[in-house]
Amino acid sequence: MVSMAKRNKQNGKRSFEAEKSTLQTAKKPRISVDSSDEEYDEPMKAPSDLGSEDEDELDELDDVDEQEADGSDQEEGEGGLEDSEGEEEGDVKEQDNDTEGKHKEQRKLLRERKQSRKGGTQVQQIKSLWEKLRVKNAPIPRAERQELSDQVWELSKDCISDLVLKHDASRVVQTLVKYSSKERREQIVDALKGKFYLLATSAYGKYLLVKLLHYGSRKSRQTIIDELHGCLRKLMRHREGAYVVEDLYVLYASNEQKQQMIREFWGSEYAVFRDDHQGLTIEKACESSVEKRTIISKNLLGTISASVEKGSTGFQILHAAMRQFVHIANDKEIEELIEILHESFAELVHTPEGSEVACTLIARTNAKERKQIIRSLRDHTEALIKNEYGTAAFITLLFCVDDTVLVHKTFGPSIRENMKEFLVHKYGRRPFLYLLVGLDSKYFNPHVIGEFNKYIKLSEATSKKPFLQRRHELLGKFAPEFLQTVLENYSGILSENLGCQFISELLVNDEVYEVLKEKDQQLFQDVVDSIAITFKGDITEEDHPIHHPFSVRLLKALIQGGKWNNKEKRFEPLEKVPCLGVKFAQKFYDEIIDSSNLLDWINNPDSSFTIVALFESLLGKKEGKQFFGDFKKIKNKIQTDDSNKGANLLLRLVKEKGV
DNA sequence: CACATTGTGAGCCG
DNA sequence: CGGCTCACAATGTGCG
């Protein structure tokens, strides 16, 4: 799957999805064939398994690694037929390696068997043609390629269904598909009608099937999808088949088809009479009767649990199925799902749907299960928090879990380790912004807020503490760590827009200051001073922070000592933080600007607004004595340049306030 | 919060 | 069929 997605990324247009799917499935174990494993799939064994096994190739169970390499795709390149002959021999040898004579006999037998096999003679010819066709290093002219592929087609069209399940011959057909016209691709699809299930469950055929989907026309895709409909549950439980289904779902199915695919997991009724249920949602389906809901949820859970056990927790189709499941599940079933997922919980959270499942589970379950979930996420803290969807699950933990000590103890170490990256990271900073300001619409879009509110509502039944208390407890633990991180890395954080914003929320914040212990209040002061000092120096220097708009906004907020509430169109001053506002303004003027630079700061359009802020903050205050004294001396030297809006505003204020 | 910008997906035409 | 344009949504930025 990983490899398939990669291929699509290279060749296809839908690179976005391909990439996503790589991300989610990256951790999944690769396909490893293990003959003993194939059987306890489902009561009914896929007929195709029998078919492919008895007909040919003992070697099918060998050289899987090589096959994997094929899939990982250097464009059906390297590796090749030569060794396939060798493999077969090797296989025979293994069964009987005593006597050379017996061995020879076997070899002869094998050759004969090969020749007598349906289309055996053609296979040899086709292979030699393919050898020419697949060469990659020396590009062959279009016309010649055309001719070669025509020849291959002529030879193979009558026995194509026998070719496609075999290790090497299937690759011949893959190449053929790649270099064929769309008409021929449709012919190939037609020739394989009725065999797609076989293909999907074949270790070799599945790659061809994926290629057909990729290069095929809309009609071809529809043909294949139609044929696989009804077998999806069986396929999901199949080692090879599951990958095909996932690829189909992620890359090729339309929205409607996706819905239909999931509906099959509800039960046979929905798999067989699919047209009767167009557009049916799971909630509607479960409304009709209690029995129905029970059956649907049982079936869904069956498919989910089988797939998770197979190690397919990262599949998107499974996330979608789980999402529907949690929408209808009762409390007991929710716990069953957590039980099934236990260790694999981290593989869920990186997709939108998986994250929704994770959040819902977190919100609905009890303290004991939450503890389990926290444990299983612990080793993925960094990836969890930096991922757009993972971070939502983490935030859900923050606002649901009563045991804030556990949360801080579990995640604290790796958070401290990565804190300076988190604070300037688009998604990584979100959990911490939540701790600072709650679910502010400035940082969370309406949809996300809506989702969170849903989980908050759900958690009301399972969480005991008042909602705000959890945030404040966590804030008390994390706030000193924020300050420490900023103190140690302020220049790096200040150079980033997102970092400035974070610092602003951290410092211009009554709640934060209130939870600080005495020694941490000193830390707070140190942070404020460090930031002020970065503005010292010649403002005509290009890299002075005054030319960085976000740093200036932070500075302004510190001088004003409050936030602008745009909703109510008014300024909200801080009440609990003593060292900001007037105090800060005075100190900043005395220590950073002073009389020698005041005029320069006013005449520079990047810094003039800072002076406006000082002016307003210090007006009528005893702390402003020095500032206004100096100001009067130079106010006649202010340049009235139209491009310096701050300076003009300042002059207007002088008139209005009468300084 | 409101505006502008950017990237994405769906529909259309050559 | 493939390339294009258009419209929308999500995201970033600026503002009193």
Side-chain angles (χ1 to χ4, degrees), chain A residues 8-9 11-21 177-187 189 212-222 250-258 352 355 387-389 391-392 424-430 433 437-452 496-502 504-505 508 546-557 559-573 605-617 619 643-653 656-657:
Chain A
N8 292 327
K9 192 182 161 190
N11 298 354
K13 308 171 63 178
R14 326 205 28 176
S15 54
F16 185 63
E17 280 97 323
E19 181 145 23
K20 270 207 282 199
S21 91
V177 169
K178 191 176 161 188
Y179 293 129
S180 290
S181 63
K182 62 174 188 208
E183 289 82 13
R184 180 158 320 136
R185 284 181 194 150
E186 289 201 2
Q187 284 176 306
V189 170
L212 285 172
L213 284 167
H214 183 77
Y215 292 109
S217 64
R218 178 159 304 191
K219 189 169 145 260
S220 302
R221 280 179 201 165
Q222 194 59 52
V250 174
L251 296 165
Y252 306 114
S254 66
N255 264 339
E256 205 173 304
Q257 287 166 332
K258 283 183 184 180
S355 167
N387 179 275
E388 176 175 5
Y389 306 103
T391 208
V424 297
H425 190 274
K426 188 174 163 199
Y427 302 119
R429 64 188 191 139
R430 284 192 183 174
L433 283 167
V437 294
L439 296 172
D440 195 318
S441 63
K442 201 171 168 187
Y443 302 112
F444 300 95
N445 69 39
H447 173 254
V448 176
I449 298 252
E451 293 287 300
F452 281 143
E496 309 234 13
N497 296 353
L498 299 185
C500 290
Q501 220 170 13
F502 186 89
S504 180
E505 299 293 6
V508 187
I546 203 72
H547 308 300
H548 184 229
F550 280 79
S551 298
V552 173
R553 268 146 82 169
L554 168 61
L555 180 60
K556 202 166 122 190
I559 292 169
Q560 292 177 324
K563 279 188 239 186
W564 177 261
N565 183 335
N566 211 355
K567 207 172 173 179
E568 293 170 35
K569 296 280 175 206
R570 67 191 181 88
F571 179 77
E572 289 173 348
D606 287 337
S607 51
S608 53
F609 277 100
T610 303
I611 307 300
V612 174
L614 282 176
F615 185 101
E616 290 182 319
S617 186
L619 188 68
S643 67
N644 190 344
K645 287 184 180 163
N648 290 322
L649 181 57
L650 197 57
L651 291 173
R652 221 177 61 218
L653 283 170
E656 282 171 22
K657 312 284 180 187

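Note on naming: letters A, B, ... go to the chains in the order of the sequence lines (proteins, then strands), and numbering restarts at 1 for each one. Quantities reported herein were computed from a predicted structural model and do not represent experimental measurements. Note: hydrogens, waters and symmetry copies are ignored here, and every other heavy atom, side chains too, is used.
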Query raised in the report: Over how many whole Å does the gap from A:Q560 atom CD to C:dC15 atom P extend?
Result: 14 Å
Query raised in the report: Rounded to whole angstrom units, what separation is found between the OH atom of A:Y389 and the P atom of C:dA10?
Result: 10 Å
Query raised in the report: Over how many whole Å does the gap from A:N497 atom CG to B:dT5 atom C1' extend?
Result: 15 Å
Requested in this report: Mind calculating the distance between NE2 (A:H447) and P (C:dA9) to the nearest angstrom?
Outcome: 13 Å
**Report entry** ring-ring contact (aromatic ring centres under 6.0 Å, His included) involving A:F615 - partner list, sequence neighbours excluded
**Finding:** A:F628, A:F631
Query - Rounded distance (Å) that lies between atom P of C:dG12 and atom CZ of A:F502 - result: 17 Å
Report summary line: dist A:S355:OG -> A:Y389:OH (nearest 0.5 Å) comes out at 8.5 Å
Query raised in the report: Roughly, in whole Å, what's the span from CZ in A:F571 to P in C:dG16?
Result: 15 Å
Query - Per A:S441 side chain, nearest of listed nucleotides C:dG16, B:dC1, C:dT13 - result: B:dC1
Query raised in the report: Within the modelled atom types, does a donor on one side and an acceptor on the other bring the side chain of A:R570 and the base of C:dG16 under 3.5 Å apart?
Result: no
**Report entry** A:R553, nearest nucleotide to its side chain (from C:dG16, C:dC15, B:dC1)
**Finding:** C:dC15
Query raised in the report: Taking for each residue the nucleotide of DNA chain C bearing the nearest heavy atom, is the 5' side occupied by A:K426 or by A:K556?
Result: A:K426
**Report entry** Integer-rounded Å distance: B:dA2 P and A:K442 NZ
**Finding:** 15 Å
Query - Aromatic A:Y427 / basic A:R430 pairing, under 6.0 angstrom, 45° off normal - result: no
Query raised in the report: When rounded to the nearest 0.5 angstrom, what distance separates OH in A:Y443 from CD in A:E505?
Result: 3.5 Å
Query raised in the report: So, is A:N445 close to the C:dT11 phosphate, meaning a side-chain N or O under 4.0 Å from OP1 or OP2?
Result: yes
Requested in this report: Nearest whole angstrom, please: distance from the C1' of C:dC1 to the CD of A:E186.
Outcome: 12 Å
